[in-house]
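Because the structure is predicted, anything quoted here is derived from the model rather than measured. Because only heavy atoms are used, hydrogens play no part in the values below, and waters and symmetry mates are left out as well, while side chains stay in.
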Amino acid sequence: MTSHNDHLVSALLELASDFLARQSTGAISSGGQSISTPFSTTSQSDWAEGVRHWNDNGRHLIADLPGRDCPACGHEEHRHLFQSYDGYPYVECLSCGCWYVPLKVEAELFERFFEHCPQAFAVVQRNLQSRQSETSKQSNLERIGGYLDNLVPMLESTDPIRYLDMGCGLGHSLHAARTRGLQATGVESSRECIALAAQDGLAVFHISDKELQNRPFHLVSFWESIEHMVDPAAVLQECLENLAPGGLLAFTVPNQNSPLVRAQREDCSFINGGYDTPGHINLFNPATIERLLERSGYKLLALDGQYGINFEELVSYMLGKHRGAHEMLQDQVIRNDLSGETIALLSAIGPAFALLERITLISPILFGFACRKDDAGHFSQATQRYHQSRCEQLLAQINRMEPASTNVAVLEQKLRMTSDNDAAVEHKLHVALERIESLEDQLLLARNPLRRLARFVRSKLKPPKG
Ligand SMILES: [Zn+2]
């Protein structure tokens with residue numbers, strides 16, 4: 001199978017090099033796919049407006065904030081990296097390499113800001129409405145429901161399982177847990193979210209409330225909330241007291257090692273999210289999240305990468321075609337603006353890159369779970385099963401990477417754009433057709449994409465003479 005694929009890949013690459021040799025780079029327009037906004041529930045215009053209000057009326061508040069040390073390892077020494085467009089300095093811990101804002105950015109800061117900037121609060125209200133939408137709720141229910149389905153079987157059956165979500169927002173996670181028969185409690189720092197969740201009949205406490213009901217919990221989660229916390233080690237240590245023996249701690253965090261973050265820095269859109277709540281003031285990677293957990297009394301059991309970056313967005317940025325967040329915050333619609341050839345090659349190698357992201361844990365989001373240090377042995381079998389299942393998923397991902405089906409459509413599109421009168425191209429088409437037909441013979445399969453391509457190439461060729 002590999003040798004057949006190698007033939008096809010070399011045929012594709014030869015055609016790609018031919019297109020490039022004809023110096024048509026840039027001549028075939030990609031149509032310029034626009035790049036979507038960073039926060040699924042916030043529109044680009046609301047985001048840009050929110051950052052503008054903050055920069056005009058709130059940003060000066062940063063100057064008075066007390067400093068803080070590395071959230072992952074607790075060390076103080078750091079080097080300056082960059083400043084976000086909403087005014088936060090980002091530094092790198094010289095001990096563990098964690099990227100963070102060396103300031104205590106608490107939720108109360110924004111309560112003060114909203115008091116003298118009602119326009120900014122109006123933007124927050126709009127965002128809250130969009131987060132309450134059925135679409136947003138459904139996607140959260142599905143995503144978090146998926147995590148719970150993986151985690152709950154690892155817990156020893158306790159009837160009922162008590163679940164705590166730290167930073168539960170509007171409480172969609174709690175709904176997902178309830179439908180699975182779990183007893184669900186939430187903790188949140190936004191008073192607006194708490195009020196809305198209460199209207200929804202959910203038990204959500206403010207982060208400053210020390211007396212939680214239903215404790216201890218068998219499962220505690222942080223779904224993209226640790227990155228917003230001033231002292232995540234203290235919060236995790238407190239959670240350890242609320243965690244039942246044999247309980248699990250699960251989390252997702254944005255990944256500092258994602259190429260978008262490492263390459264774009266302040267131009268990466270989600271770096272600029274500190275205009276209405278503490279933004280991503282901690283950026284963890286696999287090593288630093290493990291360091292944080294270890295320091296807080298936990299043993300990290302497993303990590304996995306989730307989602308994939310928009311490869312075209314990154315390459316387009318590297319080629320200087322756009323300036324990322326800098327342009328998006330000026331209400332400009334940014335487009336990939338890549339040549340057809342580049343897009344063809346990117347889509348050919350895209351599935352391999354997505355695989356690399358997950359295997360090397362450079363995906364935009366990290367998912368993981370941990371337990372009390374002295375419970376690690378208790379989870380060894382469950383952890384082994386999880387690793388096994390991850391390997392199986394990766395293998396399935398590899399098996400799905402069939403150049404024959406993914407590249408043919410792109411190639412066909414390229415061929416559509418070629419001139420019928422170009423003798424060199426005509427020759428290439430003959431060669432390509434021969435290769436495609438020989439592949440069809442070798443594979444002895446009714447591979448529809450190959451047949452379609454062969455038919456198309458034939459239609460581009462002049463009828464044989466004589
Ligand atoms: Zn550190």
Side-chain angles (χ1 to χ4, degrees), residues 30 32-40 44 47 72 79-85 88 90-93 96-101 224 226-227 251-274 279-291 303-329 334-339 341-368 390 393-394 397-398 400-401 406:
S30 66
Q33 223 185 342
S34 68
I35 293 164
S36 59
T37 49
F39 319 103
S40 52
Q44 185 183 334
W47 174 46
R79 65 170 180 135
H80 177 76
L81 291 176
F82 57 86
Q83 188 178 48
S84 64
Y85 293 115
Y88 296 93
Y90 276 79
V91 301
E92 180 181 63
C93 169
C96 75
C98 175
W99 287 11
Y100 67 100
V101 173
E224 274 134 76
I226 307 177
E227 66 274 19
F251 60 88
T252 53
V253 284
N255 190 357
Q256 177 200 324
N257 282 359
S258 164
L260 269 187
V261 177
R262 288 227 174 245
Q264 291 192 320
R265 301 187 172 206
E266 71 271 30
D267 287 339
C268 174
S269 42
F270 76 75
I271 295 292
N272 299 275
H280 296 148
I281 58 173
N282 313 313
L283 290 168
F284 299 109
N285 62 37
T288 56
I289 196 78
E290 185 167 18
R291 180 84 186 84
L303 270 184
D304 199 2
Q306 291 213 310
Y307 306 109
I309 60 163
N310 180 336
F311 204 11
E312 291 176 13
E313 177 184 356
L314 177 66
V315 172
S316 189
Y317 178 80
M318 301 305 269
L319 292 173
K321 303 282 188 187
H322 68 81
R323 296 184 176 88
H326 175 76
E327 280 172 35
M328 293 174 94
L329 286 170
I334 55 171
R335 296 184 182 282
N336 286 341
D337 200 22
L338 294 169
S339 70
E341 291 84 352
T342 309
I343 288 182
L345 285 170
L346 288 180
S347 57
I349 57 177
F353 191 77
L355 186 72
L356 179 80
E357 279 182 285
R358 191 171 172 196
I359 289 178
T360 59
L361 298 175
I362 59 168
S363 311
I365 297 287
L366 291 173
F367 162 84
R390 177 174 183 259
Q393 286 170 35
L394 286 167
Q397 212 171 324
I398 292 168
R400 279 198 302 273
M401 284 168 45
T406 50

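Between the side chain of W99 and the backbone N or O of I281 there is no donor-acceptor pair closer than 3.5 Å. Between the side chain of Q44 and the backbone N or O of M328 there is at least one donor-acceptor pair closer than 3.5 Å. When atom types are taken as modelled, the side chain of N272 and the backbone of A325 share no donor-acceptor pair closer than 3.5 angstrom. When atom types are taken as modelled, the side chain of Q256 and the backbone of Y100 share no donor-acceptor pair closer than 3.5 angstrom. With hydrogens and angles disregarded, a donor-acceptor distance shorter than 3.5 Å links the side chain of E357 to the backbone of I309. With hydrogens and angles disregarded, no donor-acceptor distance shorter than 3.5 Å links the side chain of T288 to the backbone of F284.
Closest non-hydrogen pair, N282 versus I226, comes out as ND2-O, 2.9 Å. The shortest non-hydrogen separation linking G274 to Y88 is O-OH, 2.7 Å. Here the closest heavy-atom approach between residue I271 and residue Y90 is recorded as O-OH, 3.4 Å. Nearest approach of S316 to R335, heavy atoms of both residues: OG-O, 4.1 Å. Closest approach of I362 to P259, counting heavy atoms only: O-CD, 3.5 Å. Smallest separation of non-hydrogen atoms from N257 and P286: ND2-CD, 3.7 Å.
Taking SG from C268 and CD from E313, the interatomic distance works out to 7.5 Å, rounded to the nearest 0.5 Å. Atom CD1 of I289 sits about 8.5 Å away from atom SG of C98, to the nearest 0.5 Å. A distance of 10.5 Å separates CG of L329 from CD of E327, quoted to the nearest 0.5 Å. The distance from atom CG of L260 to atom OG of S363, rounded to the nearest 0.5 Å, is 11.5 Å. Note that NE2 of H326 is 11.0 Å distant from CD1 of I334, once rounded to the nearest 0.5 Å.
Counting non-hydrogen atoms of neighbouring residues, nucleotides and ligands closer than 6.0 angstrom, the CZ atom of R323 reaches no more than 12 such neighbours.
For the 3.5 Å distance criterion, the side chains of D267 and Y85 qualify, holding a donor opposite an acceptor.
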Original post:
Do L346 and F353 pass the side-chain contact (heavy atoms from CB on, under 4.5 Å) test, and can you show the C-alpha distance, the side-chain angles, and the key distance before you say yes or no?
Top reply: CA-CA 9 Å; L346 288 180; F353 191 77; over 6 Å; no
**OP:** Tell me, with the steps shown, if S258 and N255 meet side-chain hydrogen bond (donor to acceptor under 3.5 Å, both in side chains).
**Re:** CA-CA 6 Å; S258 164; N255 190 357; over 6 Å; no
Original post:
Stepwise, does the side-chain contact (heavy atoms from CB on, under 4.5 Å) test hold for L338 with E312?
Top reply: CA-CA 8 Å; L338 294 169; E312 291 176 13; 4.0 Å; yes
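With sequence neighbours excluded, the residues satisfying side chain to side chain contact (heavy atoms under 4.5 Å, CB included) with I365 are R143, E224, T252, Q306, Y307. Evaluation of the salt bridge (charged side-chain N to carboxylate O under 4.0 Å, His left out) rule for D304 yields R358, R390 as partners, not counting sequence neighbours.
Ring pair Y317/H322 is tilted by interplanar angle, where 30° to 60° counts as tilted.
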